[in-house]
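Worksheet: the structure to be examined is printed underneath.
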2 protein chains.
Amino acid sequence: MASSRFAVAVHTLALLARAEGQPLDSRAIAHSVNTNPVVIRRALCALARARVIRVRRGAGGGAALARAPHEITLLDIYRAVNGGAAFALHPAPQRRCPVGRSIHAVLCWVQDEIDAAVQRTLAEITLQDVVDRLQTGRRPTPTRGRKR
Amino acid sequence: MASSRFAVAVHTLALLARAEGQPLDSRAIAHSVNTNPVVIRRALCALARARVIRVRRGAGGGAALARAPHEITLLDIYRAVNGGAAFALHPAPQRRCPVGRSIHAVLCWVQDEIDAAVQRTLAEITLQDVVDRLQTGRRPTPTRGRKR
DNA sequence: CGTCAATGTAACTATACCGGTTACATTTAC
DNA sequence: GTAAATGTAACCGGTATAGTTACATTGACG
C-alpha cells in the first residue's frame, strides 16, 4: 500500500478512543480528519468487518470502539484496511531465462519477510499508546514492547 | 512505495551476480525481466548512484556488480531505488481539533518504526542469498542472519 | 578519426489507483 | 412517518508508474 487509508483509520480510532464509548458519526470524524464523510465511512466499514469497532446505523447512530484502546493493536488496524504488499512484483519475467523463471518465488519470500517484520512491529503498538502520545505530544512512559 | 522498481532491481542484480563480472547491457537484462531497456537503465542508474554496480557507457558497455554478491544487501538495493514510506500520511488534518493537531507526529513515529523494521529485515538478506535460492528453487543452507 | 554500440535522459502516452464527491437505498431512533 | 445516519455504487480528477520513442553523449575499436 501507499495510500493514506491506514493513517485515516488510526486518526479515526484515536478520536473514538477519546470519545470513551460515545458514538461519533462520520460527519464529525470527517471534520477532524478534514476529508469527506464517505471516505470515513469506507474506513469505518473495513474496521467494523474486522470487529475493531461497532457501528450503529440509522438516526443517532455512529461508531464506537468494540474493545478498550489497549486491546487494539496497530496490527489489527493494518490488517483491516490494508490490501497489498510493501512492493509489487514485476508482472511477467521471461520464463526461458533461468533467473526469470525462478525470481518470482524468491521475491515472494522477500515480501513475506518484510510483511512479517512490519506485522511484528505493529503488533506491539496499541491504540492506547497512540492516544498517550497524542495527549502529551511526547513519548510518555516507555512502552512495554519497544525495541532499539 | 508500491511500485515494482525494487523487484526489477533485485532481478537485475541477480542476473549480474550470475554473470560473474561479465558486463550485461540493458537490452539483455530487459529480455529476462521482460520489459523495456529504458526501464532497466532507469534502475541501473539508481543502482550506480548507490555504488552497488559499475556501469560502462559506450560500445561494449554494460553493468557489473561493484562488489561481491555477499557484500550487497537487499537494504542497499532498497535504499537505492526506494523513494517513499510504507504508508502515506493524510494531507491536512483539522488543526482546530486536538487529535487533528497532533496525530501527524504520532503517525510519523509509526512510519519510522515500520521503516526501521523493514530495513533491519532487508539488511540481513544478501544478494548471494537471493542467488542461492534462485538456483535450487528451495531455501539452501540456513542463512546466518535469519530469524523465526 | 570515424563508426557503431551503448548509456543517460527527456518527453509523451496509457493505465491504474486513490481521494473526493454526488446520489441513493437501507436502516433505525423517536 | 419522518429525520438522521450508514453502506455502497458511480463517477471525476489528480498522480504515479511502466512503457515507448527519440536523441545527445560517451566510449571502444578498427
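Numbered from 1 within each chain, the chains take letters A, B, ... in sequence-line order.
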Starting from [atom2] on [N], measure out to [atom1] on [X] and report it in whole angstrom.
X	N	atom1	atom2	result
A:Phe87	D:dT17	CZ	C1'	17 Å
B:Ile29	C:dA6	CD1	C1'	12 Å
B:Asn36	D:dT21	CG	P	7 Å
A:Phe6	C:dG19	CZ	P	14 Å
B:Asn82	D:dA16	CG	C1'	14 Å

Kindly list each side-chain donor-acceptor pair under 3.5 angstrom involving residues 41-51 of chain A, sequence neighbours excluded, with atom names and distances?
unit_1  : atom_1 : unit_2  : atom_2 : d
A:Arg41 : NH1    : A:Ser26 : OG     : 3.2

* What pairs of residues pass the ring-ring contact (aromatic ring centres under 6.0 Å, His included) test when at least one of them lies in residues 15-43 of chain B, not counting sequence neighbours? ->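 Checked against ring-ring contact (aromatic ring centres under 6.0 Å, His included) - neighbours excluded - no pair reaches residues 15-43 of chain B.
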
* Residues two or more places apart in sequence or in another chain: which of them pass side-chain contact (heavy atoms from CB on, under 4.5 Å) with B:Ala59? -> none

Taking side chain to side chain donor-acceptor pair (under 3.5 Å) as the test, write out the residues that go with [X], two or more places apart.
X	result
A:Asp115	A:Tyr78, A:Gln119
B:Thr73	B:Asp76
A:Arg54	none

Protein-nucleic acid N or O pairs under 3.5 Å, nucleotides 27-30 of chain D:
unit_1 : atom_1 : unit_2  : atom_2 : d
D:dA28 : O4'    : B:Ala59 : O      : 3.4

Sequence neighbours excluded and cut-off under 3.5 Å, please list the side-chain donor-acceptor pairs for residues 6-17 of chain A, or say none.
unit_1  : atom_1 : unit_2  : atom_2 : d
A:His11 : ND1    : B:His90 : NE2    : 2.8
A:His11 : NE2    : A:Ser32 : OG     : 2.8
A:Thr12 : OG1    : A:Val8  : O      : 2.8

* For side chain to side chain contact (heavy atoms under 4.5 Å, CB included), just list the numbers for B:Asp129 and B:Leu74, CA-CA rounded to whole Å, side-chain angles, deciding distance to a tenth of an Å, and then say yes or no. => CA-CA 10 Å; B:Asp129 296 332; B:Leu74 295 195; over 6 Å; no

* Asked: Using a heavy-atom distance cut-off of less than 4.0 Å, which residues of residues 12-22 of chain B contact DNA chain D?
  ->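 Nothing qualifies; none.
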
* Asked: For residues 87-107 of chain A, which residue pairs qualify under salt bridge (Lys or Arg N to Asp or Glu O under 4.0 Å), counting only residues two or more places apart or in two chains?
  -> none

* salt bridge (Lys or Arg N to Asp or Glu O under 4.0 Å) pairs, two or more places apart, involving residues 16-38 of chain A -> A:Asp25-A:Arg27

* Asked: From C:dT7, D:dT6, C:dG20, pick the nucleotide closest to the side chain of B:Asp25?
  ->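 Between C:dT7, D:dT6, C:dG20, the one nearest the side chain of B:Asp25 would be C:dT7.
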
* Out of D:dT21, C:dT7, C:dG19, whichever nucleotide has its closest atom nearest the side chain of A:Ser3 ->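 Out of D:dT21, C:dT7, C:dG19, the nucleotide with an atom closest to A:Ser3's side chain is C:dG19.
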
* Short side-chain N/O contact from B:Ser4 to OP1 or OP2 of D:dA18, under 4.0 Å -> yes

* At under 4.0 Å, does any side-chain N or O of B:Thr35 touch on OP1 or OP2 of D:dA18? -> no

* Asked: Counting N and O atoms only, with roles assigned by atom type, does the side chain of B:Gln128 sit under 3.5 Å from a partner on the main chain of B:Glu71, one being a donor and the other an acceptor?
  -> no

* Nucleic acid contacts of residues 38-52 of chain B, taken as heavy-atom distances under 4.0 Å to DNA chain C ->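 The stretch gives B:Val38, B:Arg41, B:Arg42, B:Cys45 as the residues lying under 4.0 Å from the strand, ordered by number.
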
